[in-house]
Amino acid sequence: MSIVSELRNRFRQALDGLVTTPDRTAELLDMVQPSQDPRFGDYQANMAMPLKKELGRSPREIAAELIARLDVADMALDPEIAGPGFINLRLRDAWLAERLEAAIEDPRLGIPHASQTRTYVIDYSAPNVAKPMHVGHIRSTVIGDSLYRTLKFLGHRVISDNHVGDWGTQFGMILYGYQHFRNEESYRANPVAELARLYRLVRQLMDYHEAQAELPRLRARVAEREESLRQAQTGQRGAHQAGKQSGKSLRRLEAEVAEIREELASLEKKLAAVERDPELFRLAQEHPNIGADVLAETAKLHAGDAERRRLWQEFLPHCEDEINRVYQRLGVRFDYTLGESFYHDRLAPLVEELLRRGIATESDGAICIFLEGQVAPMIVRKQDGAFLYATTDLATLRYRMETWRPDAILYVVDHRQSLHFAQLFAVGRLLGYSDVDLRHISFGTVLGEDGRPFRTREGDTVGLEALLDEAVRRAAQIVEANDQAKPNGPELSPEERRRIAETVGIAALKYADLSQNRTSDYVFSFDKMLAMNGNTATYMQYAYARVRSIFAKGNVDVEALRTSGGRIRLETPAERALGLELLRFAEALELTVADFRPNQLTAYLFGLANCYSTFFENCPVLKAGNEELRQSRLLLCDLTARTIRQGLELLGIDVVDRM
Ligand code: ARG
């Protein structure tokens with residue numbers, strides 16, 4: 001159990017009889033927290049102040065009563081009351097040392113299994129196959145993977161299910177492309193590359209016609225908004241004292257104009273890209289109905305057309321190879337990959353059932369579910385009979401409930417789908433799944449250094465593999481420079497350098513993502529993610545390698561050290577601070593899964609590495625004053641290395657012994 005949970009348990013007993021509802025108790029117990037400032041002890045309990053009203057006494061009196069009822073003598077010194085009624089707790093050094101000694105002997109570093117084991121299904125990554133993975137897939141993949149690892153480590157039953165898009169319009173696109181544009185030779189030589197080319201080509205032609213159709217409307221809109229803006233501007237000049245309100249709406253109007261002008265520019269760019277290229281332009285002219293035809297291909301596939309099914313069967317393994325290659329490099333595995341196609345046969349009966357149970361109704365020929373408090377209904381069957389993404393997700397929800405009976409399902413999907421998930425969860429409850437905790441683990445967008453969604457200079461999304469390659473290439477430069485700069489000359493063979501660069505490069509990419517608060521957008525920067533200083537994987541891996549190098553340098557047999565029964569001594573502030581931080585690993589994991597935020601874990605590891613640096617600067621290890629102290633410090637080093645390694649592993653990041 002984490003220290004904070006242990007303290008909360010003690011406080012729960014102290015509150016027993018003072019506070020009557022469990023909800024209120026839980027709220028108050030949340031106010032037991034690590035202190036921000038060591039002068040106020042290691043932990044603080046701030047619950048006396050809010051209790052003033054219900055107990056009708058001064059907070060200092062309440063604090064005194066709580067202390068009288070509190071039994072923490074084994075773990076902490078006498079609690080102190082500060083200011084208006086803060087309770088400050090300082091843990092006993094001997095208690096800390098004992099816990100650290102127990103952690104040394106424990107392969108789990110003293111982290112217990114969760115007292116209540118729950119079943120989690122995690123839905124993450126889920127790319128639409130048949131098109132290359134892009135930068136947007138990183139976040140879902142690495143956040144999901146890290147939650148999977150962490151929940152599992154805590155002893156829960158966790159099932160990862162990759163809900164790949166293997167049945168959508170993108171297959172209509174490659175079916176169409178294959179029939180009209182394929183290069184047989186290229187397809188035979190490298191099917192994945194040829195399918196990707198076909199996808200891009202069809203995409204471009206569809207975009208072209210869509211843009212053409214859209215252009216007049218958008219132009220008219222730009223003109224109309226520009227006119228409104230002009231009027232507003234002259235109107236404002238006329239009305240001498242411009243009120244704050246009109247200033248605001250003027251700015252809004254300006255922003256709006258800028259936005260649609262940009263939209264227009266991007267549309268024109270798409271058109272120009274095709275028109276510039278005679279061959280592409282010819283194809284565009286020859287395939288004026290490509291949008292509708294692609295939809296027809298998808299519909300035929302879904303309707304069971306033999307030839308389309310055969311082609312789909314042929315394409316799918318190639319598409320899978322493509323994503324599996326990326327997963328392998330990322331070190332990500334799934335328990336199940338039940339794509340959209342898996343649910344196809346379940347959709348029609350599900351919609352019938354929804355109708356029968358009165359959950360769905362017909363509206364303008366479409367089958368819809370109207371939900372309270374939501375403007376748009378969830379459509380589960382279109383007028384033309386086609387099923388939708390939402391229909392598949394409902395069938396998937398049912399399947400998961402029936403197959404695994406989970407306590408929670410986590411959907412790690414970007415924030416743009418929040419309406420979809422709000423609707424899905426609401427319908428799930430109508431279907432009777434009210435006990436399961438359905439969560440949209442939403443995340444923000446990856447931005448380029450210009451602050452806009454990360455794209456290539458040509459305006460395309462950035463391919464994931466190219467990104468991995470670039471990260472590894474840059475990591476290789478760092479590894480090489482580091483190695484060259486070693487005091488006794490380079491130590492690594494070319495092969496070792498390559499291996500290390502792959503580990504360091506991939507780690508940098510993952511960590512950069514995981515260390516962000518998932519709900520915010522973040523700026524993608526190779527320079528920042530590979531920096532040797534700061535909260536980066538490179539820094540953490542380097543910290544790990546540095547700790548490990550002490551053992552090599554001192555010729556220390558780590559196994560023997562761990563079993564030597566050596567004692568931990570926390571004599572200086574730096575040693576004590578490091579010891580306490582090591583014991584906070586459990587707390588960091590609790591925080592990570594409380595709101596499914598891996599950045600809680602990266603923040604902890606970064607703090608730990610910093611405590612270690614301070615310790616290392618202040619406390620000689622190999623040259624410690626006496627053998628006992630040397631042992632104790634080596635043990636702290638070893639625990640630090642193990643904690644960093646374990647923490648990184650839960651993030652899906654490998655360490656290297658040397659860099
Ligand atoms: N394939 C979808 C997309 O690329 C994501 C699927 C997420 N999972 C789900 N159950 N809807 O947008």
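Atoms within each ligand, like the ligands themselves, are counted from 1 in listed order.
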**Prompt:** Under a 4.0 Å N-O cut-off, is there an ion pair linking D145 with R149?
**Reply:** yes
**Request:** Using a strict cut-off of under 4.0 Å between a residue heavy atom and any atom of ligand 1, list the qualifying protein residues by chain and number.
**Result:** D123, A126, N128, H163, Y389, D393, Y411, V413, Q417, F421
**Request:** Determine the sole option in N535, T536, T602 for which the side chain to side chain donor-acceptor pair (under 3.5 Å) test with Y511 is passed.
**Result:** N535
**Selection residues 355-369 - residue pairs positive for salt bridge (Lys or Arg N to Asp or Glu O under 4.0 Å), sequence neighbours left out** = E353-R357
**N-O pairing of E470 and R474 below 4.0 Å** = yes
**Message:** Once salt bridge (Lys or Arg N to Asp or Glu O under 4.0 Å) is applied, what residue pairs with a partner in residues 121-138 remain, sequence neighbours excluded?
**Reply:** D123-R400
**Message:** Tell me which pairs pass salt bridge (Lys or Arg N to Asp or Glu O under 4.0 Å) where either residue lies in residues 373-390, with sequence neighbours left out.
**Reply:** E352-R381
